[in-house]
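Notes for the one structure printed next.
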Amino acid sequence: EPEVTQTPSHQVTQMGQEVILRCVPISNHLYFYWYRQILGQKVEFLVSFYNNEISEKSEIFDDQFSVERPDGSNFTLKIRSTKLEDSAMYFCASSDQGREVSPLHFGNGTRLTVT
Amino acid sequence: KNEVEQSPQNLTAQEGEFITINCSYSVGISALHWLQQHPGGGIVSLFMLSSGKKKHGRLIATINIQEKHSSLHITASHPRDSAVYICAVDFGNEKLTFGTGTRLTIIP
């Protein structure tokens with residue numbers, strides 16, 4: 001069965017550094033999402049992306065965050081200047097017809113540790 | 001305010017028991033998702049539903065739109081069902097709102 005893949009599985013970075021988290025969604029999917037989960041807390045929505053643009057973003061997704069689909073397969077989340085509170089598990093997800101109609105397929109996550 | 005509440009927070013049961021996890025939400029929704037989070041952190045989608053009932057193997061999900069309530073049932077529970085089960089609700093605003101999850105432990 002096709003999978004959403006995320007790399008790296010674990011990233012350690014110093015405060016103030018830029019990080020790029022990478023995701024390869026399922027190939028025929030059109031809707032892409034990033035979520036994060038701070039340790040011990042619930043999963044939170046960050047951003048949704050469709051037709052090469054952001055369709056919705058949360059209050060968390062400030063100017064330090066950006067997303068890009070640089071080619072036909074990758075979907076990236078960039079954090080420009082990481083803070084300690086950005087430490088979390090970041091999940092990429094995709095769906096083929098939008099979340100109200102078709103289920104989400106999640107990647108295994110990237111655990112980001114900011115020191 | 002769009003809120004999602006799950007109960008119980010933790011549930012321990014013996015192998016073979018029938019399990020019920022509940023999810024309540026505050027306002028009308030477009031869809032509700034049940035997700036399973038493994039101990040390693042990965043998330044798997046179990047069900048997406050907007051009305052009625054769905055069944056997959058030993059798992060059953062139901063939703064009552066009038067009562068703003070959904071349940072996830074596991075029949076003949078097994079230790080491999082041990083995981084965190086998360087209810088996530090689409091309030092129609094493109095932002096999925098997640099519950100805090102129910103940590104299920106099945107003892108052999």
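Lettering follows sequence order; numbering is per chain, from 1. Bear in mind the structure is a predicted one, so any value in this text is a computation, not a measurement. Values below: all heavy atoms of this structure, side chains included; hydrogens, waters and symmetry mates excluded.
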Quick check for you: to the nearest 0.5 Å, what is the distance between [X] atom [atom1] and [Y] atom [atom2]?
X	Y	atom1	atom2	value
B:Ile43	A:Met89	CD1	CE	8.0 Å
A:Phe106	B:Leu35	CZ	CG	5.0 Å
A:Glu44	B:Thr97	CD	OG1	10.5 Å

Please say whether more than 12 non-hydrogen atoms of neighbouring residues, nucleotides or ligands are located less than 6.0 Å from [atom1] in [X].
X	atom1	value
A:Lys83	NZ	yes
A:Glu3	CD	no
A:Glu85	CD	yes
A:Asp63	CG	no

Whatever's closer than 4.5 Å to a heavy atom in chain B on A:Gln6 counts as neither
Return the set of residues passing salt bridge (charged side-chain N to carboxylate O under 4.0 Å, His left out) with A:Asp86 (not counting sequence neighbours), or none when no residue passes. none
Between B:Leu96 and A:Tyr33, is there a side-chain heavy-atom distance shorter than 4.5 Å? no
Name the region of B:Leu32, side chain, backbone, both or neither, that has any atom closer than 4.5 Å to a heavy atom of chain A. neither
